[in-house]
Every structure is written in C-alpha cells, then in structure tokens.
Protein chains: 2
Amino acid sequence: MSTSERLIESTRELLWERGYVGTSPKAIQQRAGAGQGSMYHHFAGKPDLALAAIRRTAEEMRARAEEQFSAPGTALERISAYLQRERDVLKGCPVGRLTQDPEVMADEALRAPVDDTFIRLRGRIAEVLAEGRDRGELAAGLDPVATASTVVAVLQGGYVLARAAQSTEPFQQAVTGVLGLLAGHATAR
Amino acid sequence: MSTSERLIESTRELLWERGYVGTSPKAIQQRAGAGQGSMYHHFAGKPDLALAAIRRTAEEMRARAEEQFSAPGTALERISAYLQRERDVLKGCPVGRLTQDPEVMADEALRAPVDDTFIRLRGRIAEVLAEGRDRGELAAGLDPVATASTVVAVLQGGYVLARAAQSTEPFQQAVTGVLGLLAGHATAR
DNA sequence: GTCTATAAACAGATAGAC
DNA sequence: GTCTATCTGTTTATAGAC
C-alpha cells in the first residue's frame, strides 16, 4: 500500500476510535509508519486528510448498506437483515460518531459527506418500506419517510446505548423492539 | 454563585458543546471567570472536575425524565410527551454525547453515571410500557424491555440524524415514526 | 482562596536538506 | 518523496507568593 493510502487508512481508524478532535497528525503518522514530511507532502494538513478519510468511509458505508436493500426478500426481511448484520457494535458507527465532533460539524466540507450518507440511507429505507407497504407486507397506514428515520435512529441510538453499557445487549434489544413493532406484534390488542 | 459552582457549570456546558477531549482546563477557567490556581484548589484536575459535572448532568436528566413518566395519562401519552417535549435537538444529548468520548469510556468513574442514566431510563420506560400493555392501551404482544430500548435509541439516534443534517426534521420524523408504530398504525393490513 | 511564574510534553505546522 | 530541524501556541499541570 502506498504511503498516501496508509495515511488515509490510519486516519479512518483513528477518526473512528478517537474522533477528529482526539486525533493528532502525529498519531496518524505513527500508525501509518510515515514521517511528518510525508504527510504534509501528500496532504495540505489535518482537515485535508480527514476529508479524504471521511469521504471514503461514507462511500464504503453507503455501498455496504445497498447490498442489503437490493437483496431479494420482503421489505421486513431486508430491513431485518440490515439491522442484524454483523457489526462492531461497541465501536459505534464511524459516520455517526462524527456528528459529535464540533470541528467536523463546523466545517461544511467535512460535514457534507456525513449529511449525505444519512440522507441517502433514509431515502433508500423509505423506498423499501413503501414497497413493502404497497405489496401489503406492511401496514397500509405506515409512513415510509418517518419510519425510515426511525429505523436509522434506532441503529444510531443503539450504538450509543451499547457504548454506555459496554455491552451489545441494549443494541440488540432496540433492534428487536423496532422489528417487533414493524412486524405488527402490536396488532393483537 | 461560588467559584466552585461556576467551574462545574462551565464544565457542563463545555462537555456538552465540545466533549471531554475537546475541552481544556484553560477554556473552563475562562468561561467560569476563574484563574488556574482557583481551579486546582477546588478540584484535583480535569478528570475530577469532569466527574462532578457529569454526575450533575446525569442526575438532572434523570429527574427531568421522571417528571414526564409520573404525570397522568395513558402510557402512550406519557411516552409521547417525553419524546416530544422541548429539547435542544441540534445540541444533542449531554449524556449520550459522552459515549463518543474515548477517555470518558476508558475511565470507569466517568462512564458509571452515563451507564446508570440509561439503565434507569430504559427501566422506567419499560415500566410505563408494561403498565400500558397490562391496561390494554398497548398491544398484548409488546415486549416492554426491548421496546423501551427502542424508544431511548430513537431519541439518541434522532439527535445524531439532526446534527448530521443541521436540522431538527429527521429527529421529528424518527419520533413520529416510532409513535405511529407504538400506536398501532401498523394494525390495518 | 486566588494569583502569577514556570515547565515538560504535545499540536499543528513550515523550511530546507537529501 | 521522505527526513530532520525549527517554531508558535496549547495542554495540563506544579510551586510558591499574596
């Protein structure tokens, strides 16, 4: 892997583990096995390197999610597969965690890929939900757009609860709970 | 307000705005209008001051939530009132944001109040949901424990989506969506 | 209790040799 | 392209005067 590639990958890891504010150029260089001169030769500075790293992480996440949604199965099966796929729950979401970084949110260029990731994700899930509703797999009264935000929020909030507890249990519960509601366990009354 | 109080309050604000890693003792002192000597006289250091601030924020949040849950009304009304009460959505949750701080999570003393806050919150919501189910207000098949985690996750994830978008819209959608599911809009099929 | 002085280590670069 | 040297400011304190 080229030095430039190693710098980007190291930055991706550190942004995930420690966030933007908590990541120093020095730490990036050490993890990449590159000197200072190298880093400043390939990138203008920390924000520039972070932008490359964030863009790549966002794109990877988008592609990964699309795999689940374009797979065969009912709407509920696809949403379920997406929520329950293998995840590094205790590490949290590499994109979602950036929303807690004041310097990322303050920089339009850095925030844009984060914003875009969630806009697309919510939109794609809304499509799947609308499809399921129209096919009669889901309730006729279901609001696809609002519910899509709910699904993504359960995921992002599940990470928060798991990290607080240092256990995947609350994440699993949150996912189980929303899938139960979607499946209409609330029907019997 | 005493100097000690001002230091704690300034720390609470800064932890909310910038997190633990992003908050320096100097910034705390400046906002509190206190000198370095003052801060180190009242507190052993940054972790000690942060502990006092986090404990207070956690306790305040717990008390605030309890107000909604002990109010009169059906289970759904109380959950709805809790989710829709006035919130500083774009600032996010002052407790939830700490889960993204590697140094807070690494320090058992600092993580404990965060963990405790969500354990209690999930437990209290599970009680309200169980009550609603037993009274026939909610579906008989509803899982109170799992659904309580879902409700809290929607809140925490809603903050994440709102910050990414710099708009309260996705937060409102996520809340609307989960309330619709709880209310059984999924019933008609 | 509060203030100023001092300090070692780190953050985030820039400059120029190789 | 990579390396070392240098630099300004910040971080997180400690020491001691007032």
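Just so it is clear, the structure is predicted and the values come from calculations on it, not from any experiment. In the text below, chain A, chain B and the rest are named by the order of the sequence lines, each starting its count at 1.
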Nearest-Å distance, [atom1] ([X]) to [atom2] ([N])?
| X | N | atom1 | atom2 | answer |
| --- | --- | --- | --- | --- |
| B/Lys46 | D/dT10 | NZ | C1' | 12 Å |
| B/Leu14 | D/dT11 | CG | C1' | 15 Å |
| B/Glu103 | D/dT11 | CD | P | 13 Å |
| B/His41 | D/dT14 | NE2 | P | 15 Å |
| B/Ile28 | D/dT11 | CD1 | C1' | 12 Å |
| B/Met39 | D/dT11 | CE | P | 12 Å |
| B/Gln36 | D/dT12 | CD | P | 11 Å |

Does any part of the side chain of [Y], heavy atoms only, come nearer than 4.5 Å to the side chain of [X], both counted from C-beta?
| X | Y | result |
| --- | --- | --- |
| A/Arg122 | B/Leu161 | yes |
| B/Leu90 | B/Phe171 | no |
| B/Leu182 | B/Leu142 | yes |

Inset, instruction - Find which nucleotide of DNA chain D each of A/His42 and B/Pro25 is nearest to by heavy atoms, and output the residue with the more 5' nucleotide. - result: A/His42
Legend entry - Given DNA chain D, 5'-ward residue of the pair A/Ala34 and B/Gly22, judged by closest heavy atom: A/Ala34
Inset, instruction - For A/Val21 and for A/Gly37, find the nucleotide of DNA chain C with the closest heavy atom, then tell me which residue's nucleotide is more 5'. - result: A/Val21
Inset, instruction - Tell me yes or no: between the side chains of B/Thr57 and B/Arg12, is some donor less than 3.5 Å from an acceptor? - result: yes
Inset, instruction - Check every atom of D/dA5, D/dT10, D/dA13 against the side chain of B/Pro47 and return the nucleotide holding the closest atom. - result: D/dA13
Legend entry - More than 12 heavy atoms from other groups under 6.0 Å of CZ on B/Arg55: no
Legend entry - Interface limits on DNA chain C, where chain B has a heavy atom under 4.0 Å of a nucleotide atom: C/dG1 to C/dA5
Inset, instruction - Establish, yes or no, whether the cationic atom of A/Lys46 lies under 6.0 Å from the six-membered ring centre of A/Tyr20 and within 45° of the ring axis. - result: yes
Legend entry - Test: A/Arg87 cationic atom under 6.0 Å from A/Tyr82 six-membered ring centre, within 45° of axis: yes
